[in-house]
Amino acid sequence: MELDFGPAVADFREEARTWLAEHLVGEFAAHRGIGGPADSEAWEVRLAWDRELAAGSWLGLSWPVEYGGRGLTLLEEIVFNYEYARSGAPYRATTSGLDLFGPMLLALGTPEQKRRFLPPILRVEELWGQGFSEPGAGSDLASLRCRAELNGDEWVIDGQKVWTTMAHTADWLYVLVRTDPESRRHRGLTMLLVPRDQPGVDVRVIRNLAGQDEFAEVFFTGARTSADLVVGEVGQGWRTAMGTLGIERGVTLLPQQLSFEREVADLVAAAREAGDAVPASTRDRIVEAWMSVRVMRTTNLRTLGEVLAGRTPGPQAGIAKLYASTSHQRMGHLAGEVAGPAGQLVGENYALDVRQRTFLLSLAETIYGGSSEIQRTIIGEQLLGLPKEPRP
């Protein structure tokens, strides 16, 4: 895939390509394509790669210079993300702080919070984890029960979070809590910044299907954080959280689609090698997978064009996450079918190959970031104007 971003960024694009070619070598090159938004594989290598990017000033390209960024335009950041994905570089280990928490703080944080927290993110000195989901509040996030009470100049936090990606590596957590005990649903929620390394925070790792220590459950028992570490306003945490989820569903469009295109290319190559052993029905589905990544490309380019033009993205942006996650799961099933019986065998100590690992990790894609059931409800009610589903 090749895109022309125009002459205005031609020199910058060449600079990015040259830097990536010169630095994506050795151990970094040996780990091309490693990792994902919910994948802990080769964590230390990816962390070292992020520090290499930081040394070259390639993190936070559009962030203000006073916080360690380069103050470039959104177009330049998109160009770099495109070239980054095109190079097959390892997935960044700092994505939660860099792509989710950082933009949220830039939009809603106080000047003091920005000066304190943004530079260490770009220097890869502090890692962040997102504390949203709970055992009884996953897709229905508004029903969360983790609470915080103001005690003097500190918030005291009690409750539980779950599916907190890489919480055991995080230095800080941005946590959505209920600060008004009489409130219901979306009201009375507040976004707090909580240091992880303290007696009141207990992180217990959960191993995923691929055998990785990817996410964790977090128990707060009298955990404390400073009263001024509120992002946005007290009681308006739902608005803050929804802005973060909007960022999460927008920043990964192009890199994700490019990785899917490479997977489909590998799938086609494997089917050609298998020859007549691949049934006609499976071949048809491979063609559908090939077409699906082209649909993603067109949709993503439309959305990026609208963003760059300063317009609110159209309805296609609302279906991008649902389409990508369900399509990717089908690709994983196809890869297993093309591999045949050998694809069901794993190596010693549960050693998975790339296709097996991708398939297993893709099973969660229709859950995290908003389950497919909830996404379909949103599309039906908000985009299509269908009657709302009955609610108890």
Side-chain angles (χ1 to χ4, degrees), residues 27-50 85 88-96 99-100 127-130 132-133 135 138-139 161-170 203-218 248 252 255-267 269-270 289 293 321 324-372:
E27 189 174 29
F28 300 141
H31 288 82
R32 287 180 185 269
I34 287 294
D39 185 349
S40 65
E41 187 177 9
W43 179 256
E44 292 301 328
V45 174
R46 289 161 56 195
L47 202 55
W49 171 245
D50 280 15
Y91 194 92
R92 287 190 289 258
T94 52
T95 185
S96 185
D99 295 339
L100 302 179
L127 303 181
W128 285 82
Q130 182 189 86
F132 283 11
S133 295
S139 295
K161 296 292 179 179
V162 75
W163 314 130
T164 308
T165 304
M166 301 308 295
H168 55 296
T169 68
V203 177
R204 304 178 189 177
V205 173
I206 301 173
R207 182 158 292 186
N208 65 21
L209 281 173
Q212 300 172 347
D213 295 337
E214 167 211 344
F215 38 55
E217 52 186 346
V218 182
E248 181 178 7
T252 60
Q256 183 186 63
Q257 166 226 312
L258 283 173
S259 68
F260 289 177
E261 288 196 13
R262 284 193 289 269
E263 289 178 18
V264 170
D266 292 342
L267 184 60
V293 293
K321 191 271 180 188
S325 59
T326 53
S327 296
H328 196 217
Q329 280 189 357
R330 288 195 291 270
M331 291 180 204
H333 283 285
L334 271 174
E337 289 184 25
V338 172
Q344 301 178 36
L345 302 177
V346 299
E348 188 176 355
N349 297 322
Y350 198 59
L352 303 170
D353 62 30
V354 172
R355 283 180 292 186
Q356 291 170 331
R357 188 166 50 250
T358 299
F359 164 67
L360 290 173
L361 293 175
S362 73
L363 296 177
E365 291 180 21
T366 50
I367 301 174
Y368 64 67
S371 70
S372 292

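The figures that follow rest on heavy atoms only: side chains count, while hydrogens, waters and symmetry mates do not. Since the structure is predicted, the reported quantities are computational estimates derived from the model, not experimental observations. Start at 1 with the first residue, then count along the sequence.
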Any donor and acceptor pair, going by atom type alone, linking the side chain of Ser362 with main-chain N or O of Phe359 inside 3.5 Å? yes
Can you tell me if Lys161 uses its side chain to pair, donor with acceptor, with the backbone of Val218 under 3.5 Å? no
How many angstroms lie between atom CG of Asp50 and atom OG1 of Thr94, to the nearest 0.5 angstrom? 3.5 Å
With a 4.5 Å limit on heavy-atom distance, are the side chains of Met331 and Val293 in contact? yes
Students often mix this up, so state it plainly: with edges at 30° and 60°, are the rings of His328 and Phe260 parallel, tilted or perpendicular? parallel
Arg330: salt bridge (charged side-chain N to carboxylate O under 4.0 Å, His left out) partners, not counting sequence neighbours: none
Mind checking the OG1-CD spacing from Thr358 to Glu263? Nearest 0.5 Å is all I need. 5.0 Å
How far apart are the C-alpha atoms of Glu217 and Trp163, what are their side-chain angles, what is the distance that settles it, and do they pass the side-chain contact (heavy atoms from CB on, under 4.5 Å) test? CA-CA 6 Å; Glu217 52 186 346; Trp163 314 130; over 6 Å; no
Would you please test Leu334 and Leu267 for side-chain contact (heavy atoms from CB on, under 4.5 Å) and show each step? CA-CA 8 Å; Leu334 271 174; Leu267 184 60; 3.9 Å; yes
Under a 4.5 Å cut-off applied to non-hydrogen side-chain atoms, are Asn208 and Leu361 in contact? yes
Distance (rounded to the nearest 0.5 Å) between Thr95 OG1 and Gln130 CD: 10.5 Å
Would Val162 and Ile206 count as a side-chain contact (heavy atoms from CB on, under 4.5 Å) if you check the C-alpha gap in whole Å, the side-chain angles of each, and the deciding distance to 0.1 Å? CA-CA 9 Å; Val162 75; Ile206 301 173; 4.0 Å; yes
Applying side-chain hydrogen bond (donor to acceptor under 3.5 Å, both in side chains) to Gln356 and not counting sequence neighbours gives none
Sub-3.5 Å donor-acceptor pair from the side chain of Asn349 to the main-chain atoms of Ala351, do we have one? no
Is there a side-chain contact between Thr326 and Glu365 (heavy atoms, below 4.5 Å)? no
What residues form a salt bridge (charged side-chain N to carboxylate O under 4.0 Å, His left out) with Asp213, not counting sequence neighbours? Arg207
Value rounded to 0.5 Å, distance of OG in Ser96 from CE in Met166: 10.5 Å
Residues Arg46, Tyr91; criterion side-chain contact (heavy atoms from CB on, under 4.5 Å); working and verdict: CA-CA 7 Å; Arg46 289 161 56 195; Tyr91 194 92; 3.8 Å; yes
Drop me the distance from Leu352's CG to Gln212's CD, to the nearest 0.5 angstrom. 8.5 Å
